[in-house]
Student: 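The structure follows.
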Protein chains: 8
Amino acid sequence: MSAQAPGPLDSGAILDLSRRERLGMVEAVWGEHKSTDQIVAIVQELLNASETVLVTRVDRAKAEAVLSQLPAGALHYQVESRCLHSPLQDPDPSTGRVAVLTGGSSDLAVAAEAHLALGCHGIACTLQLDVGVAGLHRLLERLDALRSARVLIACAGMEGALPTVLAGLVPQPVIAVPVSVGYGVSAGGVAALQGMLASCAPGLTVVNIDNGYGAAMAALRILRS
Amino acid sequence: MSAQAPGPLDSGAILDLSRRERLGMVEAVWGEHKSTDQIVAIVQELLNASETVLVTRVDRAKAEAVLSQLPAGALHYQVESRCLHSPLQDPDPSTGRVAVLTGGSSDLAVAAEAHLALGCHGIACTLQLDVGVAGLHRLLERLDALRSARVLIACAGMEGALPTVLAGLVPQPVIAVPVSVGYGVSAGGVAALQGMLASCAPGLTVVNIDNGYGAAMAALRILRS
Amino acid sequence: MSAQAPGPLDSGAILDLSRRERLGMVEAVWGEHKSTDQIVAIVQELLNASETVLVTRVDRAKAEAVLSQLPAGALHYQVESRCLHSPLQDPDPSTGRVAVLTGGSSDLAVAAEAHLALGCHGIACTLQLDVGVAGLHRLLERLDALRSARVLIACAGMEGALPTVLAGLVPQPVIAVPVSVGYGVSAGGVAALQGMLASCAPGLTVVNIDNGYGAAMAALRILRS
Amino acid sequence: MSAQAPGPLDSGAILDLSRRERLGMVEAVWGEHKSTDQIVAIVQELLNASETVLVTRVDRAKAEAVLSQLPAGALHYQVESRCLHSPLQDPDPSTGRVAVLTGGSSDLAVAAEAHLALGCHGIACTLQLDVGVAGLHRLLERLDALRSARVLIACAGMEGALPTVLAGLVPQPVIAVPVSVGYGVSAGGVAALQGMLASCAPGLTVVNIDNGYGAAMAALRILRS
Amino acid sequence: MSAQAPGPLDSGAILDLSRRERLGMVEAVWGEHKSTDQIVAIVQELLNASETVLVTRVDRAKAEAVLSQLPAGALHYQVESRCLHSPLQDPDPSTGRVAVLTGGSSDLAVAAEAHLALGCHGIACTLQLDVGVAGLHRLLERLDALRSARVLIACAGMEGALPTVLAGLVPQPVIAVPVSVGYGVSAGGVAALQGMLASCAPGLTVVNIDNGYGAAMAALRILRS
Amino acid sequence: MSAQAPGPLDSGAILDLSRRERLGMVEAVWGEHKSTDQIVAIVQELLNASETVLVTRVDRAKAEAVLSQLPAGALHYQVESRCLHSPLQDPDPSTGRVAVLTGGSSDLAVAAEAHLALGCHGIACTLQLDVGVAGLHRLLERLDALRSARVLIACAGMEGALPTVLAGLVPQPVIAVPVSVGYGVSAGGVAALQGMLASCAPGLTVVNIDNGYGAAMAALRILRS
Amino acid sequence: MSAQAPGPLDSGAILDLSRRERLGMVEAVWGEHKSTDQIVAIVQELLNASETVLVTRVDRAKAEAVLSQLPAGALHYQVESRCLHSPLQDPDPSTGRVAVLTGGSSDLAVAAEAHLALGCHGIACTLQLDVGVAGLHRLLERLDALRSARVLIACAGMEGALPTVLAGLVPQPVIAVPVSVGYGVSAGGVAALQGMLASCAPGLTVVNIDNGYGAAMAALRILRS
Amino acid sequence: MSAQAPGPLDSGAILDLSRRERLGMVEAVWGEHKSTDQIVAIVQELLNASETVLVTRVDRAKAEAVLSQLPAGALHYQVESRCLHSPLQDPDPSTGRVAVLTGGSSDLAVAAEAHLALGCHGIACTLQLDVGVAGLHRLLERLDALRSARVLIACAGMEGALPTVLAGLVPQPVIAVPVSVGYGVSAGGVAALQGMLASCAPGLTVVNIDNGYGAAMAALRILRS
């Protein structure tokens, strides 16, 4: 897109529609800083191209405004993950399963974003909430259930120790997602991020704070490798 | 808890109901990022299990909404500490007494949270407000009164020097709580936190910024040791 | 280990010898802050237990001092990765191959650590040096060669853009390793780390600065998943 | 201006009306922290002095309030750049052309501010949106079109790799503008800023986060040098 | 002490000899930045006052230089803790026992400083090394042995998760000591410090990085409360 | 003040009413985090003690609410400095004069707070706005006028270079006040603060960001020294 | 380059020899972290390709070791800039002239690196040392001499105000180079960097701390635009 | 000074010899990063101009090398302050007296630098060492002696609380100097700096970490105001 000054600017987005072919991923739309009109325009372009739609970080009011401008049933809104998405199909169990864990119930939004992003790519996924290390028995009791997953995504705020403890117990890939839950030194998720990067457990990898979608795409890369 | 994608997620919390048995503490509910409905659901589960309830960081409007959905008298709301809590019983004087001090009146909310959390565990506690080091005589005049406490909790924002001066004057355990009061370099409480950790007074310990509940639980561990 | 005060302390390490069984990984020894005597003692314990040995971050002088106290041929020293290691066996090509890339020649030590750690676990691995994004043609010319690797490890200092560009081009798992090369804002590797975490490419994961060993173990988890 | 205490203070601004003569630039008014009344007063003083007006960082509501207090047509409001500005004249093609690029559509506001500020000084300028490095083909396809510009301004948030890749491909001056788009470690634009400063591409220069106006003035200095 | 300019300055230290009476603690001398002559002068003043001597952070060469200038047997040097100290007496078991734990063997120096500082005050103390959370079984196997200690001091570098896991398992006071061991984001101990402050375990308290002496004095305050 | 748990807490402030006698300063009330009721209560206590009142950081709505609960004329509100204050008396010229300077018009609130706080102590004071270093002639033209002031207070945001340039030109005490005006790296005033502390001009002193009151009290200490 | 594990690694650098054609710049070799042997190998490869050689950040001892392994006269060493370089040819005055300024004499090494890098590309360049803003007259006296330069490079440590003052006085492109000279908050050059980015002077651009070479390449891009 | 590329650079400093006339201060030479030859050259230029010489941050070996190249008695070296200086004259008591205080004996070097810099300007000065707030009685006992000083300079590392407590007790100007003594969060002096800026005591001003010379010049400005 190019524009001559002065006058109104054409601010239409250029979508990376070859991403599915190149990387096997749908291009998620980051909805946080976009207006209703911008989201509607991008969604319609994606629907016209027969792409799966995933719009992240959309609050309920904006989601309803977007849905009211689209054909009924074109998209759904999932409140836990704050995402708009195309109708999901049954996951394909042959690719393998992902387990998403959280330290506390305040980590749910991030975990749900990862869970939904995997669902949009046909990946089977389970959620294990509230297995934080301050009550270690809750994690130890679920270890056997976790062994059937090919990839583990562990979301935690505060000190973020859950993925470290987990990666010391099981041999699968563990993707750590710091969550911006907390106050004081843990506000914004930096303490959790640093703890995950500094982990004494071998082979833990980390994504950006609150990046549930990114963790899901990393799991997708692994499942298809 | 586990869930299959897609569809609505079951976001119910899993409470650590063995905490009282294991650690002798009630599990406080951090109310800041939870909705009224989430708090009501958790409180009812705790009441059903006959647990003492303490919900921290609840503003007045949310507190009233929660109370309106519970049986009358089930919980009280204390505005200074912004906490919902079960009716308190008389403290047990045999365990020993805690004194909570503040540098200025802006530190009250944090001090009151510590004070109430101790009350929920039956610990006797006094508050000493406005004894900051810029008017040193206010602290020196209260030293004798402080000697009868087994543990001291000192809350301060700005440069956070109160616990340092205090720990140089008395031999008891002193728990320092930085408070997120201030502006410029003291905004968010980091200057106070660092000053407390860097203290030249021997044997001072520190908790996270604004963590009145944590300081109370540390005092509880000491009183029962 | 326990000791009564006063007197000399028994500072022997307790090795996690069940790690191979639990996680399928050898326990690497971090040699940087350990004395020659400490390393020799740990190595001998590992050799006695018939474990594969990998000691990271050992400079040449310390390596020679260690080797002089061990039986000839028990360990080798690789100068590029600064590692002491057991004799390597031929890699097993059936597990899949890993490619390790670097932005510049100053990233070699970190890449070589990853490369050797994979060799210690029998994984086939290739190195692609000097494919940084300031001369983009060097990376684009190697894309076809990279497609046969199951996992990519991309090491970069300065602004750390290599893994971002790479993960936008290929669908495999990409593990980003920030390198502490640079000066000013890039000194210590934090700029590269933050750039990798903030990446606009989907599904990139990151390990700690200079953590070549950790990236290798993450690749190992993926290959075996 | 000087004032005696006590009493109401005269808070009128002292404009640097010799700036055009000294530096060849109009003095942009930073509208973010100014009230409608303050902006109107300054604008009127500039109009009286026959100066070109450019007021940056004005939201739509404040812009409309300002416009309603000025003669019709005295200023225009451009919503993409959030700027109030004097009517623009046709650019003078003999000075040379500037190209402004963005990594993603969320960088539009900053790019549009640069674009408009150049227009206010009679400089021809094109916009190239959505050429971020996660879909590298979009940038490579536009390289030929960029070669006719004398100066390139590259705006990017997240990891901010666009100007690095660009400056490795073309010989012109490249001015990098970090954008405060992102979350976690990229929130506020610091990760992009550091990546641009740490760039492995030679001769890249950087301005403050979101400083589209500053980048435009740097380009103006270059075009006139 | 006061001095008139100009001329040589009298730089003699003023010892706080009333500290034992006021706080029940010996005044440790921080030896890191002091010369041999300064340490000898201070030690002799303390010996003349019949005070117990504890000089921390003294490397072996400086320690030997100090010892050579003192009467034989006046002080001992413990290499693990890098401390010079008065001969120790048998601990008094009636005050209660402290257990000092470390995550890894690189944390030994800090743990040994705490252990020795307690010994200088007649407190019985045990050391439990290498119980880090990446091999969780090592900690779980020692839980019963830890129950007899009145206070626990947990030293850890890297992500610093050990005290968090510990404080979720046992009801005693837990004092967390971050250790400046690690590299990248854990270099200097800040990641461990922040993780300990942000801990999801209730009632954990924290001291400055590497402050083994401070943790010991905090334990002493608790034991005597 | 002391209180027994449970029950409503007495959160009344303890004013440092001996401050005037000890330090010769009125105790300013920091109004930002206090409710209307809290401010009214404190003001009434001060009025009863015949103290001069100065309440800082009060927005217009809160100020009007406070004034409506006080006797007419008891306090005034100055909108530029956002302060409530007792009626001012004529300054006493014999103590000497202070000049308050600002780099730009966005620094006015901080400068006005300093100006008013001096007025509350009877100090004569002038304001010099918009003398920032990007248009150096504005400062150079005012140098002669500044020579009659005994103390200079220089308020600046952005890069904060004004006090450095000023202190290189004149011999009087210069107190630098960083202002939290700016965006990107200057947001919050930290860049200005660091520039003022790092100044190459000899004998510049600095106060906290936005601390106009503090700068005034420092000037007061100097004038009375 | 690719290598099979295990065995010695081929760590030869891959030079970007097309850089001169693509960007018109020689590829400077960053000598700081490279051994004598590595530098000699790279230099010989460059000499074989008839490239101009510039090796930055080489201390005198390493420089002499390198020179002793090369043919006499192949390279020169300039001690002020700590650079090894090919013999220089006379600058071409038609391209325009650059002026490099420094705030203090401690900024010389960075300024000399910029000066030499321009000389390696045939650009005429002058140095103006010690024109820092604490003695403003030194800069004002040189303004006329600066007007003949097409580009200005201003190097400064401490608070870094020199380029801000300069860019407010002259209309040419000003490239600011923060210098890692100072102590306390200015140690490492971050205060200078932030001050330059936050500058109130319009159109200033900035490069990384100590990046004299980068500033020279930015000037080169401008001169050829 | 100007130089043509290529060839050896003239790196002679340009001294600000009008500083004494303009500001009434000698220009101190910062010796830390200068070679012996550079210091000798600058000192000789100052001696030729009959200026008082003060060279700060010179270790003993460098000082002796400098002195050996100067006429006997031209300069003295004071080891506590690490300064070379001209012979001092008797202070002039009529200007007023300064008291320099330190929290601990590790702050001596900074306090001695301030003390000597005042001596070089003929100001009477006393030192009060080891009056840190962990043993508060030491400060309280000296309050009366401090009342005769017109200005107080308080140097402290660790948490830096000394100037805060002092400024709450006495009405004179208090200049706070953070000292880079400590470890963990207090390493480098940043915790002390932030605590001093965040101080709850009114009218405290602060200089850069370790800047004893700057504090002395600030005191000099006050004494002459």
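What you see below is based on every heavy atom in this structure, not just the backbone, and it leaves out hydrogens, waters and symmetry mates.
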Student: Between H:A161 and B:A161, what is the shortest heavy-atom contact and its length?
Tutor: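 Where H:A161 meets B:A161 most closely, the heavy atoms are CB-CB, 3.7 Å.
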Student: Between B:E159 and H:M196, does a side chain to side chain contact (heavy atoms under 4.5 Å, CB included) hold up when you go through it step by step?
Tutor: CA-CA 7 Å; B:E159 87 297 321; H:M196 292 166 180; over 6 Å; no
Student: Is B:L136 close to chain H through its backbone or its side chain, or both, or neither, when contacts mean heavy atoms under 4.5 Å?
Tutor: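 Looking at B:L136, just its side chain touches chain H.
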Student: State, to 0.1 Å, how close H:M158 and B:A198 come at their nearest heavy-atom pair, and which atoms those are.
Tutor: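 Closest approach of H:M158 to B:A198: CB-O, 3.3 Å.
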Student: As an exercise: rank H:A156, H:A201, H:S199 by heavy-atom pairs under 4.5 Å with chain B and give me the winner.
Tutor: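 The option with the most such pairs is H:S199.
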